[in-house]
Structures are given as C-alpha cells and as structure tokens.
There are 2 protein chains.
Amino acid sequence: MVRRVGDVFKALADSTRRTILDELTDRNGQTLFEICARLCTKHGLGSSRQAISQHLDVLESAGLVETRREGRYKFHYINTGPLRPIVERWLDRPEDAGGRTGGGADPAETERKEGPT
Amino acid sequence: MVRRVGDVFKALADSTRRTILDELTDRNGQTLFEICARLCTKHGLGSSRQAISQHLDVLESAGLVETRREGRYKFHYINTGPLRPIVERWLDRPEDAGGRTGGGADPAETERKEGPT
DNA sequence: ACCATAGGCAAGCAGCTACTTGCATGTCAA
DNA sequence: TTGACATGCAAGTAGCTGCTTGCCTATGGT
C-alpha cells in the first residue's frame with residue numbers, strides 16, 4: 001500500500017478520527033467495540049459501529065493506527081510515527097525570510113512508501 | 001472569527017494549500033498574483049486566481065496565514081503558530097499505555113479563539 | 001477622467017466523503 | 001453443531017468542498 005503524506009492530513013481532517021486517536025492515546029490496544037463504547041460514553045459521539053470501522057480503516061491507511069488480530073478480536077494501536085515530520089515541514093524554518101531564491105520543488109508532497117510491517 | 005482546532009487540520013488537508021504554505025515559507029509576504037505565478041511555474045499547478053484566493057481564505061481562517069493590505073496589494077504571511085500544538089496533542093505522550101483510566105474529555109477539540117490581530 | 005491592475009463576491013457544478021443499511025464471514029462457548 | 005459475538009464488505013445517499021464562471025470594487029498610473 002502506497003502511503004502519501006496527504007493521507008495523514010486527510011486522516012487528521014476529521015474530528016471523529018482525531019477523537020479516536022485521543023482515545024487510543026488514553027488506552028492503547030482497544031477493540032472496535034471498546035472504541036465505539038468509549039466514544040459514545042466519554043465524548044458523546046453517536047457514530048455507528050460501521051462508521052467507526054471506516055474511520056479506523058482511514059487511520060490505518062494513513063499509518064496512524066496499526067492493528068493486531070487475536071482470535072475474533074482486533075486490537076488497534078496508535079502509531080505516532082507519521083505525525084512527527086508533517087508539521088516540521090514548515091516549523092523548523094526561519095519565519096523572517098523576505099526574498100530568498102528557493103531551489104526547485106521539494107519532494108515532500110510526493111508519495112512515500114513505508115517499510116513492511 | 002471563531003477559530004477551531006479542526007480548522008487547522010481541514011486547512012492542511014488540501015495539497016494545494018500545503019504547497020501555498022511551502023511557497024510562503026520560501027518567500028514570505030507574497031501577493032495573490034505572485035503566489036499564482038510561482039505555484040504554476042515551480043509546482044506545475046494550474047489553479048486559477050480565484051481558486052488560490054479561496055485557498056488563502058481558508059488558510060487565513062485557520063490562522064495559518066496573516067495578511068497586510070498596502071495600497072492595491074495584499075501581502076500574505078505564513079504563521080506557524082497554530083501548527084505547534086496540534087500534533088503534540090498525541091506526540092508527547094507515552095506510547096506504551098496499556099490500561100490507564102483517563103479522566104474526562106479534554107477540551108482540545110472545542111473552539112479556541114485567538115486574540116485580535 | 002480614463003484605463004489597467006490587484007483583488008473581492010457570489011452562484012453553480014462535479015467530485016469526494018462520512019454515514020447508513022443490509023448482509024456475510026469468522027470465532028468462541030455451551 | 002448451534003447460537004451469540006466481533007468484525008468485514010458493499011451499495012446507496014446526503015452534505016461538504018474545491019473549482020469555475022461572471023461580474024464587481026478599489027487603487028494607481030497617464
């Protein structure tokens with residue numbers, strides 16, 4: 001699966017998905033039903049199970065969530081790896097630049113695979 | 001204008017807007033026409049002036065771009081302020097949490113105004 | 001005044017996206 | 001095996017979003 005930088009931003013663009021990441025940060029390795037229950041209880045979200053499942057698919061495609069199957073349960077783990085570089089792209093640069101002649105286009109936006117597993 | 005955290009993510013979800021931020025990082029304080037020209041020349045984007053203008057509106061609503069009017073020119077400046085906290089939300093937390101009982105819902109997702117100007 | 005330039009506003013359209021609905025698959029307990 | 005549980009898959013729909021199109025305002029030069 002080819003993962004682009006844009007996938008991470010797209011995944012983070014939804015408030016429910018961000019709440020899911022909050023939930024996994026609070027308690028890592030939850031199942032789908034656990035997430036549904038806690039999203040409803042703690043955050044007052046009324047999303048259905050399928051909706052949450054699709055959100056988890058998006059998060060997994062973006063590399064922000066990894067899963068582990070165990071019997072009939074599927075545990076979801078947050079992976080903050082893709083989060084680090086995406087914002088430093090603009091952060092660790094001087095803000096007072098006034099007229100620098102930049103080089104060519106950088107490949108920051110191009111697709112970027114990840115290693116297996 | 002009420003600015004929510006989600007606005008920043010939504011603003012970053014579009015690849016053209018990210019390229020605009022790249023462009024402003026490279027040369028801060030550009031006008032709309034400058035951005036159009038450089039987006040077309042350096043990045044090969046064929047977006048119209050109105051499209052870019054709308055993107056700039058979104059970025060400004062998210063607080064990522066600030067503007068200064070001068071005669072008939074309007075200069076755009078990048079503001080990386082909103083970028084810092086949005087990812088640290090999940091980053092500076094332990095990843096090995098297994099069963100912590102979290103507190104109530106945090107207000108990270110709620111609307112968050114900014115000071116004037 | 002006249003015109004060119006820089007930008008703004010608003011309606012309309014196409015594609016995407018989050019959500020629902022319904023059913024299917026796979027696993028565990030009795 | 002039978003039933004309950006946890007999850008997966010797919011089609012359909014409503015709302016959002018990025019873009020275009022067309023016209024308007026405002027500033028500056030001549």
Side-chain angles (χ1 to χ4, degrees), chain A residues 1 3-4 6-21 23-24 27 29-41 43-62 64-77 109, chain B residues 1 3-21 23-24 27 29-40 43-62 64-77 109:
Chain A
M1 174 180 303
R3 246 169 242 159
R4 299 186 304 108
D7 294 338
V8 181
F9 289 105
K10 288 272 180 68
L12 291 175
D14 187 87
S15 125
T16 302
R17 285 196 285 268
R18 290 194 297 273
T19 308
I20 290 176
L21 289 184
E23 209 28 70
L24 288 180
R27 181 204 290 249
Q30 295 188 60
T31 67
L32 173 60
F33 268 43
E34 271 186 282
I35 296 174
C36 286
R38 297 180 59 140
L39 244 53
C40 180
T41 303
H43 303 273
L45 300 182
S47 303
S48 69
R49 176 184 62 87
Q50 284 82 354
I52 305 295
S53 177
Q54 287 169 5
H55 282 309
L56 286 171
D57 286 343
V58 174
L59 288 170
E60 190 173 6
S61 293
L64 290 168
V65 159
E66 293 176 349
T67 60
R68 185 171 54 88
R69 191 96 209 200
E70 193 159 336
R72 59 176 162 176
Y73 300 105
K74 187 181 183 184
F75 301 100
H76 299 80
Y77 301 89
E109 196 62 48
Chain B
M1 173 179 303
R3 244 168 243 158
R4 298 187 305 107
V5 182
D7 294 338
V8 182
F9 290 104
K10 287 272 180 69
L12 292 175
D14 188 85
S15 122
T16 302
R17 286 197 284 268
R18 291 194 296 272
T19 308
I20 290 177
L21 290 184
E23 207 31 68
L24 288 180
R27 181 204 289 248
Q30 296 189 58
T31 67
L32 173 59
F33 270 45
E34 273 185 280
I35 297 174
C36 287
R38 297 180 58 140
L39 245 54
C40 180
H43 303 273
L45 300 182
S47 303
S48 70
R49 176 184 63 86
Q50 284 83 352
I52 305 295
S53 176
Q54 288 168 3
H55 281 310
L56 286 171
D57 287 342
V58 174
L59 288 171
E60 190 173 5
S61 294
L64 291 168
V65 159
E66 292 176 350
T67 60
R68 186 169 55 88
R69 191 98 208 198
E70 194 159 333
R72 59 175 160 176
Y73 299 104
K74 188 180 182 184
F75 301 101
H76 299 80
Y77 301 89
E109 196 61 49

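All values derive from a computational prediction rather than experimental measurement. Sequence lines set the chain letters: A, B, ... in the order given, protein chains first and strands last, and positions in each chain run from 1.
Atom CD of A:E34 and atom C1' of D:dT7 are 14 Å apart (whole Å). With rounding to whole Å, B:R68 atom CZ is found 13 Å from C:dG7 atom P. The distance from atom NZ of A:K10 to atom P of C:dG15 is 16 Å, rounded to the nearest whole Å. Between B:L45 atom CG and D:dC19 atom P the separation is 9 Å, expressed in whole Å. Rounded to an integer number of Å, the gap from B:I52 CD1 to D:dC19 C1' is 11 Å. Atom C1' of nucleotide D:dT7 and atom CD of A:E60 are separated by 13 Å, given to the nearest angstrom. Per the geometry, OH belonging to A:Y73 stands 16 Å off P belonging to D:dA4, to the nearest Å. Atom CG of A:D7 and atom C1' of C:dC16 are 14 Å apart (whole Å).
Checking D:dT7, C:dG7, C:dC19 against the side-chain heavy atoms of A:S47 singles out C:dC19 as nearest. Residue B:R17 places its side chain closer to D:dG18 than to any other of C:dC19, D:dG18, D:dT20. Comparing C:dT27, C:dT21, C:dC19 against the side chain of A:R72 picks out C:dT27 as the nearest. Taking the side chain of A:Q50 as heavy atoms from C-beta on, and the options D:dC19, D:dC9, C:dC19, the nearest nucleotide is D:dC9. Considering only the side chain of A:H55, C:dC19 comes nearest among C:dC19, D:dG18, C:dG22.
The main-chain N or O of A:A37 is found under 3.5 Å from a side-chain atom of A:T41 such that the two form a donor-acceptor pair. Without hydrogens or angle criteria, A:E23 side chain to A:R38 main chain gives no donor-acceptor distance under 3.5 Å. Side-chain atoms of A:R18 come within 3.5 Å of backbone atoms of A:L12 as a donor-acceptor pair (strictly under, hydrogens ignored).
Checking A:E70 against A:G46, the closest nucleotide of DNA chain C that is more toward the 5' end is the one next to A:G46. Nearest-nucleotide mapping onto DNA chain D: of A:H76 and A:Q54, the residue sitting toward the 5' end is A:H76. Nearest-nucleotide assignment on DNA chain C puts the 5′-proximal partner with A:D14, out of A:D14 and A:R69.
OP1 or OP2 of D:dC19 has not a single side-chain nitrogen or oxygen of B:S48 nearer than 4.0 Å. Within the 4.0 Å cut-off from OP1 or OP2 of C:dG8, at least one side-chain nitrogen or oxygen of B:K74 is found. For the OP1/OP2 pair of D:dT7 and a distance below 4.0 Å, the side-chain nitrogens and oxygens of A:S53 include no atom meeting the criterion.
Nearest heavy-atom pair, B:L59 versus B:A11, reported as atom, atom and distance to 0.1 Å: CD2-CB, 4.2 Å. The nearest pair of heavy atoms linking B:K10 to B:R17 is O-NH2, 3.1 Å.
Among the protein residues, A:F33 comes within range of the nucleic acid bases, having at least one heavy atom under 4.0 Å from a base atom.
The residue from A:K74, A:R68, A:R72 that alone fulfils the side chain to side chain donor-acceptor pair (under 3.5 Å) condition with A:E70 is A:R68.
Under 3.5 Å, the side chain of A:R49 and the base of D:dG8 form at least one donor-acceptor pair of N or O atoms.
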